[in-house]
Amino acid sequence: MLRGYVLTYLVFLYAPIVLLPIFAFNDSTVIAFPLTGFTTRWFEALPATPELVRSVRTSLSIAVSASILATLLGLCAARVNARYAFPGRAAVLGFVMLPLILPEILVAVSLLVVLLTLGVQLNALTVVLGHTLICMPFAIAILNGAFGNLDPAIEEAAIDLGCSRWQAFRMVTLPLIAPGIISSLLIGFTISLDEFIIAFFLTGSDPTLPVYLWAQLRFPARLPIVMALGTLLVALSVILLCGAEWVRRRGMRRSGRRDAGGFFA
Amino acid sequence: MKRPIVELRDIHKNFDGEQALDDLSLDIAEGEFFSLLGPSGCGKTTLLRTIAGFEQPERGTLTLDGKPMEGVQANRRPTNMVFQSYAIFPHLDVARNVGFGLRRSRLSASEKSNAVEEALQMVGLGGFGKRAAHALSGGQRQRVALARALILKPRVLLLDEPMSALDRKLRETMQDELRRLQRQVGITFILVTHDQEEALIMSDRIAVMFDGRIAQVAAPGELYLRPASRRVAQFIGMMSFLPARLRGREIEVDGFGRTDVSERQAPGGLKDGPAEVGIRPEMMSLLSEPPSQGQRAASGRVSEVTYYGDMSYYAVMLDGTDRTVTVSMKNLPGGVTAERGEAVTVSWDPGSLMIF
């Protein structure tokens, strides 16, 4: 009974993703069974579509920028959280984590209203802004864990042995939280890359990849190309997430610390 | 006393409105093994961190090796610290941990690795350089922390409760080694501890601290025999207290009777009226036969016996009082023993009474 339930759940969850590569290699413009034959022409067509290539570039640069920004800000927040006690710390941290549970459409609409009121031109930068906002809670959660594992005396020991504050941070703290930083960068990158709602509202003349794909759904003939692209994206996401977790665990092992948190148990 | 290497004058420090150090003054001599002893929250760690430069006092001056330390950051002070958690850098191996403080020195690479190996040998970890930091045991971590701090040849080595994480046997070994090491290198050691036994074993001098103030600074023997106050007497070693009344040089002690006392037995001076008398367990003994002529003795009943192997401690409720005194006796073959509930005679030495 339970086994059947779990099986149904997994099929429901992953069947669409499994269908993606199947139709990406199917030799027909119609997305339906039965399959008609094997082809790689949809993949070959990818680089031959200039708007698509451009949207991939836009998405990549937005994802890189947003993940770096979110990680930098998360680094500051997590360090403050680990080192200083001040009144209202929990409340402030709660507010920073809010975008995690806030409906994304609300974040998107309110950001759009604010930006338009301020008279800001919508472009890739405004999307970076929005994506930084939604990536930050993840960055803080990951980096809080990294800082939480750290003995505060370690940085003092480095200062005691002649380091300035900055040297102590760079030579001792940074290497110890590096796995957390890499993990945060990779997860921020993944989130930003496939985010649609905020990108859709805040993008200017340069659509991101998900926004471009959505627009292409109106042309059934291009659907298999979308399938091919989707296949690549899923593969990339899986590789990145596994990479993030691998780096994090390796860091834990090397410093001999107890595993706490992380995305895959 | 030799030239003071650490001079503290009227040091004052608050934490969130709470007084951590209250106008504290102290001199520590060069080459001394000095302990800061007190219960948790007495300010001893704050004082150590002030000397290290991790805390800034609101008022007062600190002089290290003749130089005022105001505005001098922790990384520029002639002190090094062994932290309570040892704070070993987990991403570096043992050799890199120990050599951490040397990385900016002008020594060549081979001179540095020689210095590291020398420091490791000094703490009994020769050849451990390639070990990963997290593969070390508690005692080894402490040795690495010691080597890492001593390699810089500080004028003062600060030790923040370094034994508190070790089990008893290992702690005793490390206490011996630390004492030997201090004699060998001749550097001034300042040890923070809440363990009075540890302070007595290790130190040349001890400062007992309560509530951000220094209650007494003295050598271990003097601290034990001549505590400056009842609170110090109670904190160091074991002491029984009895109510008493003083008139002139004569004191009447509940359960013990009258006796003459001298000024040197009363750190607060002899003042007529109610007082309290303190006596150490080894200054009394259980008698097997009636007291001889001139021997002072009191009768009572044993209410508790605590067996320590070499010694036994007897809590004796004195007749005519509701007070007990604790008497220690060596467990020698054929020696005096008593059971719980047994009536006993306790002899006591009038000269050993302390009057508070």
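Every chain is numbered from 1, with letters handed out A, B, ... down the list of sequences.
- Neither the backbone nor the side chain of A:E155 comes within less than 4.5 Å of any heavy atom in chain B.
- The part of B:R103 that comes within reach of chain A is its side chain, from C-beta onward, which places non-hydrogen atoms under 4.5 angstrom from that chain.
- The distance from atom CD of A:E156 to atom CE of B:M81, rounded to the nearest 0.5 Å, is 7.0 Å.
- Closest non-hydrogen pair, A:L161 versus B:L152, comes out as CD2-CD1, 3.7 Å.
- Contacts of B:L102 with chain A are absent, with no heavy-atom separation under 4.5 Å from either backbone or side chain.
- If you measure heavy-atom distances from A:A158 to chain B, the contacts under 4.5 Å come from both the backbone and the side chain.
- Taking both residues in full, the closest heavy atoms of A:D151 and B:A87 are given as OD2-CA, 4.0 Å, listed atom of the first, atom of the second, then distance.
- Between chain B and the options A:D160, A:I159, A:I154, the largest number of non-hydrogen pairs under 4.5 Å is found for A:D160.
- Nearest heavy atom pair, residue B:F83 against residue A:A157, reads CE1-CA, 3.4 Å.
- Looking at every heavy atom in both residues, B:N75 comes nearest to A:C163 through ND2-O, 3.0 Å.
- Looking at B:F89 and A:L176, their side chains never come closer than 4.5 Å, going by heavy atoms from C-beta outward.
- Taking every heavy atom of both residues into account, A:M171 and B:H91 meet most closely at O-NE2, 3.2 Å.
- Other residues, nucleotides and ligands place no more than 12 heavy atoms under 6.0 Å from the CZ atom of B:R96.
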